[in-house]
Amino acid sequence: FQNTVRRLFLYYAYIPACITLIIVSVLYYVIINAAYWNNTKEAGEITAGRVQSFYESYRNFLQDFAKTDSDIGMDFKSIKSNKLYEKVYQFLGTQDVPAHILLFDESTEVMLELDIPNENIKKYLISNIIPKLNKQKENFIIETGRIQNSGAWRTYYIMGNRIVSEEETQGFIFAVISQEAMKKIFTANSSISEIIVDDFDYVLGKSIENLDGNVLGKFQLGVFGNRICILNGEKNYYVHHYIEQANLHIYTLKNVGVTIKNLMPLIYILLFISTVLFIGLQIYSKKLAFRVTEPVDKLMVAVSELQQGNFNTRVSIESDDEFSVLAHQYNIMTEQIERLLEEKKELILVQKGTEIQNLKIQFNPHFLFNILETIRYAILVDTKKALEMIMELSRLLRYSVNRSDKPAVLVDDFEYIESYLNLQKNRFGDRLSYEIYIDKEAEYARIPQLLIQPIVENSIKYGLRNYSAPHCQDRFFVFFS
């Protein structure tokens, strides 16, 4: 019982404590997750705004440059190069994201180039972008180019505009932005990872050096739900923004592991609190269980004494609860048991005398009367048979009257049962027949004397009630178990 009390106390103490700790942990985790998600979302919105601003600035510059300018004019061959540089430098000086600027005339001759890293960029523009511009109706174009630079393939974001005067193409101007330049767009938050890709998943800018992708420079996120993705084998919160006019996708990510790392102090605190709580509850539960079960222990000792026959044991419990009442009732019970035992001893003596008298008149008076009538009739008809019946009755009565408290052997008891059956056979004639079979293992079993006689008597009495012809046979089988 003491262990049960301890378990119940610990059960009802631990569960609320554990539930409280779990709720606190979950709330803290939800708050931290919400904070990191909002942080990721805000960073993504800032980057998306910068991309939008960067795109609009370069688009407006290229389109304005392509218009007829009173200061520059559209006859490139008569323009001094310093005027073109001046206009371009004035624009680039206001931009956070640098670009390579190229100006071609209608015959694709370079009129101006600014900060071009290699000739492959010019060749790519001449062979791929300018033909597309000439085929389309729109003067403005956005493309992504994979161009070899210093032995490695790099992806460039290209914005271009056809220069038209009086419906005649006068030239082309392009702004080519490298991946390194795109990094200027990203926030300075080291816990945030940002990636810019085009509609075909080509990486145009990234804030992290190591990035899973294929050899073509493409990148795809393993997305789980609307907030979680896999990057470099790790889970991240992510926010996706799409700048439709620029054909750019911005992915802003924050490593979930950072959340777990920030949760570690709380985990350590909860572990410390749980340990202290566990030890404290264990100690308190032992003291509480001892106080609660002390009256029960006293009662158990008294009951043990009672089982051993000591009825003088009394229990003393001084308290204001039910245990005090129970102890008082126990004392009353033992006193009553003592009194009842004394009364029972007296009753046993009386019952023994009564049992002896009952045993002496074991046989039914009707049976004796019927047997005597049968004997009287047999004396007139067959004196030899009458003599046998008298001898059988004499044996049976002597065995019944001399009955002792000692058990009889089964085989011996059945000898007198057979005498009883012979008397009944003489009375009922062919209406009664019987067979006796005793299992070998049961022959010497010990039973009270004449235990089976009442059973045999009842079977004859009720078995032959409804039969006048010899249709009923009694068979008695005794098996040892």
Could I get the full list of side-chain hydrogen bond (donor to acceptor under 3.5 Å, both in side chains) partners for [X], not counting sequence neighbours?
| X | answer |
| --- | --- |
| N247 | none |
| Q52 | E56 |
| R162 | N139 |
| S207 | none |

Side-chain heavy-atom pair [X], [Y] within 4.5 angstrom cut-off:
| X | Y | result |
| --- | --- | --- |
| W37 | V239 | yes |
| L248 | Y157 | yes |
| I177 | L204 | no |
| Q179 | M182 | no |
| T252 | I192 | yes |

Going by salt bridge (charged side-chain N to carboxylate O under 4.0 Å, His left out), name the pairs with one or both residues in [range], residues two or more places apart or in two chains.
| range | answer |
| --- | --- |
| residues 176-194 | R154-E180, K183-E209 |
| residues 239-253 | none |
| residues 270-281 | none |

[X] (side chain) donor-acceptor with [Y] (main chain) under 3.5 angstrom:
| X | Y | result |
| --- | --- | --- |
| N38 | A34 | yes |
| Q136 | F140 | yes |
| T47 | A43 | yes |

*Decide side chain to side chain contact (heavy atoms under 4.5 Å, CB included) for D199 and T144; before the verdict, give the C-alpha distance in whole Å, the side-chain angles of both, and the deciding distance to 0.1 Å.*
CA-CA 9 Å; D199 287 337; T144 300; over 6 Å; no
Identify the heavy atoms of [X] and [Y] that sit nearest to each other, and give their distance.
| X | Y | result |
| --- | --- | --- |
| L253 | Y251 | CD1-O, 3.7 Å |
| P131 | I126 | CD-O, 3.2 Å |
| Y55 | Q245 | OH-O, 3.2 Å |
| Q95 | S57 | OE1-CB, 3.4 Å |

*Quick one: OG1 on T108 to CD1 on I130, what's the gap to the nearest 0.5 Å?*
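Nearest 0.5 Å value for the OG1-CD1 distance: 6.0 Å.
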*asked:* Test of understanding: with ring-ring contact (aromatic ring centres under 6.0 Å, His included), list the residues that count as partners of Y242, not counting sequence neighbours.
replied: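 Counting only residues at least two positions away or on another chain, Y242 forms a ring-ring contact (aromatic ring centres under 6.0 Å, His included) with H249.
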*Using the test ring-ring contact (aromatic ring centres under 6.0 Å, His included), find all partners of F91 that sit at least two apart in sequence or belong to another chain.*
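With sequence neighbours excluded, F91 shows a ring-ring contact (aromatic ring centres under 6.0 Å, His included) to Y58, F61, given in chain and number order.
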*With sequence neighbours excluded, what pairs up with Q148 under the side chain to side chain contact (heavy atoms under 4.5 Å, CB included) test?*
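N120, W153.
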_Results of side chain to side chain contact (heavy atoms under 4.5 Å, CB included) for I129 - residues two or more places apart only_ =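 With neighbours one apart ignored, the set is Y124, L125, I141, E143, I158, F174.
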*Partners meeting salt bridge (Lys or Arg N to Asp or Glu O under 4.0 Å) with K344 (sequence neighbours left out)*: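 Residues passing salt bridge (Lys or Arg N to Asp or Glu O under 4.0 Å) with K344: none at all.
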*Could you go step by step and tell me if T40 and Y238 meet the side chain to side chain contact (heavy atoms under 4.5 Å, CB included) rule?*
CA-CA 7 Å; T40 306; Y238 86 97; 5.9 Å; no
*Is D96 atom CG crowded by more than 12 heavy atoms from other residues, nucleotides or ligands, each under 6.0 Å away?*
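Atom CG in D96 is not crowded, with 12 or fewer foreign heavy atoms closer than 6.0 Å.
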